[in-house]
Amino acid sequence: MEWTKSMEWLAAASEDPGACKEEWQNGTTGVALLAAGRFWDVLIVPEQLGLRVADLLEELPLLEAGPCLLDARRRNVGFLLPPEPRTTWIGTGVRLLGAGTWITAPAPHCRWGALRWLVPPDGSGTLTMPDVLEVALQRCAGELSRLQGRPAPGGHSRTAPEDGQVDGSPMVRECAARGYLRP
């Protein structure tokens with residue numbers, strides 16, 4: 001039942017949800033083309049950074065982790081975020097896929113292979129919170145730089161007209177206000 005709900009939610013981003021689900025269940029490739037920008041955007045980051053961020057987000061006890069996709073062939077990780085057309089993400093190797101862009105995605109239960117879900121969609125519509133992702137990216141980028149003997153980078157960040165700096169307490173309050181806290 002859980003996978004059916006997840007499959008329905010994810011397939012809704014396809015131009016042909018029925019064909020998408022058929023490919024996931026019985027197709028030759030097991031992947032489908034999904035439109036970004038309608039239900040979610042995808043923030044693509046380099047693999048090494050993305051894997052650290054995904055681990056960090058999974059460890060946060062109060063937050064539900066949103067879907068996260070690993071593409072080992074392209075060596076990147078994609079985080080599904082709420083669509084924010086006026087937002088710009090800045091960082092080395094960081095790209096935001098929004099309206100007019102597409103991703104290839106395996107079935108939500110696929111957790112193996114070169115293209116797989118690190119955190120599969122749960123079917124409820126839970127997405128990664130941009131503010132939380134921004135803080136996690138900055139922290140993990142700093143850790144990676146220190147491990148490589150370099151000074152911390154200027155950071156990965158995003159800008160939007162109404163956004164300001166986020167610190168721990170307001171971020172948690174914002175998460176609670178938006179309903180992203182775990183029960």
Side-chain angles (χ1 to χ4, degrees), residues 1-27 29-45 50 53-54 57-58 60 62-71 74 76-91 94-111 113-137 156-163 166 171 174-183:
M1 180 66 171
E2 179 183 325
W3 293 121
T4 302
K5 186 177 175 185
S6 297
M7 196 175 297
E8 293 291 333
W9 179 82
L10 196 57
S14 170
E15 285 187 346
D16 185 347
C20 178
K21 292 183 284 188
E22 177 65 26
E23 179 61 38
W24 285 336
Q25 293 173 331
N26 305 312
T29 66
V31 297
L33 197 59
L34 304 177
R38 187 168 136 209
F39 299 118
W40 34 260
D41 287 347
V42 182
L43 186 69
I44 306 292
V45 302
V53 169
L57 293 177
E58 282 276 50
L60 294 174
L62 296 176
L63 297 173
E64 284 291 330
C68 175
L69 186 64
L70 170 67
D71 185 342
R74 290 190 174 87
N76 60 43
V77 174
F79 297 90
L80 274 64
L81 310 168
E84 293 186 34
R86 297 180 315 221
T87 299
T88 301
W89 287 80
I90 302 167
V94 173
R95 300 181 286 139
L96 181 66
L97 303 180
T101 63
W102 301 80
I103 65 165
T104 53
H109 60 274
C110 184
R111 299 203 52 162
L115 183 63
R116 66 182 178 270
W117 293 100
L118 297 173
V119 178
D122 63 8
S124 71
T126 299
L127 298 170
T128 302
M129 290 188 52
D131 295 339
V132 173
L133 182 59
E134 181 177 6
V135 171
L137 282 166
H156 294 79
S157 63
R158 67 186 177 98
T159 58
E162 65 278 355
D163 285 345
V166 178
M171 180 176 65
E174 180 69 18
C175 294
R178 293 186 183 181
Y180 289 107
L181 291 178
R182 289 184 181 157

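Because only heavy atoms are used, hydrogens play no part in the values below, and waters and symmetry mates are left out as well, while side chains stay in.
- With rounding to the nearest 0.5 Å, the separation of CG in Leu127 from CG in Leu133 is 11.5 Å.
- The side-chain hydrogen bond (donor to acceptor under 3.5 Å, both in side chains) check on Ser124 picks up Asp122, Thr126, with sequence neighbours excluded.
- Using a distance-only test at 3.5 Å, with no hydrogens or angles considered, a donor-acceptor pair links the side chain of Trp24 to the main chain of Ala105.
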What verdict does the side-chain contact (heavy atoms from CB on, under 4.5 Å) test give for Leu137 and Leu43, after you've listed the backbone C-alpha separation in whole Å, the side-chain angles of each residue and the deciding distance to 0.1 Å? CA-CA 11 Å; Leu137 282 166; Leu43 186 69; 3.8 Å; yes
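- Minimum interatomic distance between Ala54 and Phe79 (heavy atoms only, all atoms of both residues): N-CZ, 4.0 Å.
- Heavy-atom minimum distance, Gly78 versus Val42: CA-CG1, 3.8 Å.
- Going from atom CG of Leu69 over to atom CG of Leu115 covers 5.0 Å, rounded to the nearest 0.5 Å.
- For the atom pair CG of Leu10 and CG of Leu80, the computed distance is 7.5 Å after rounding to the nearest 0.5 Å.
- Summarising the geometry of Pro121 relative to Trp9, their closest heavy-atom pair is CB-CZ3, 3.5 Å, with the distance given to 0.1 Å.
- For Asp71, the salt bridge (charged side-chain N to carboxylate O under 4.0 Å, His left out) partners at least two apart in sequence or on another chain are Arg74.
- Contact between Glu58 and Leu118 at its shortest, heavy atoms only, is OE2-O, 4.5 Å.
- Taken from OG1 in Thr4 to NE2 in His109, the straight-line distance is 10.0 Å, to the nearest 0.5 Å.
- Scored by the side-chain contact (heavy atoms from CB on, under 4.5 Å) test, Arg95 finds Ile44, Asn76, Leu97 as partners (sequence neighbours excluded).
- Contact between Gly30 and Glu23 at its shortest, heavy atoms only, is N-OE2, 2.8 Å.
- Between Leu81 and Thr128, the shortest heavy-atom distance links the atoms CD2-O, 3.3 Å.
- Here the CD atom belonging to Glu134 is positioned 9.5 Å from the CD1 atom belonging to Ile90, to the nearest 0.5 angstrom.
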Return all side-chain donor-acceptor pairs below 3.5 angstrom for residues 11-19, not counting sequence neighbours, or 'none' if the list is empty.
| unit_1 | atom_1 | unit_2 | atom_2 | d |
| --- | --- | --- | --- | --- |
| Ser14 | OG | Asp16 | N | 3.1 |
| Ser14 | OG | Asp16 | O | 3.3 |
| Asp16 | OD1 | Gly18 | N | 3.3 |
| Asp16 | OD1 | Ala19 | N | 3.2 |

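- At distances below 3.5 Å, at least one donor-acceptor pair connects side-chain atoms of Asp41 with backbone N or O atoms of Glu84.
- Residues satisfying the salt bridge (charged side-chain N to carboxylate O under 4.0 Å, His left out) criterion with Glu8, sequence neighbours excluded, are Lys21.
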For Leu63 and Val132, what are the C-alpha separation, side-chain angles and deciding distance, and is it a side-chain contact (heavy atoms from CB on, under 4.5 Å)? CA-CA 9 Å; Leu63 297 173; Val132 173; 3.6 Å; yes
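- Looking only at distances, no side-chain donor or acceptor of Trp117 sits under 3.5 Å from a matching main-chain atom of Pro67.
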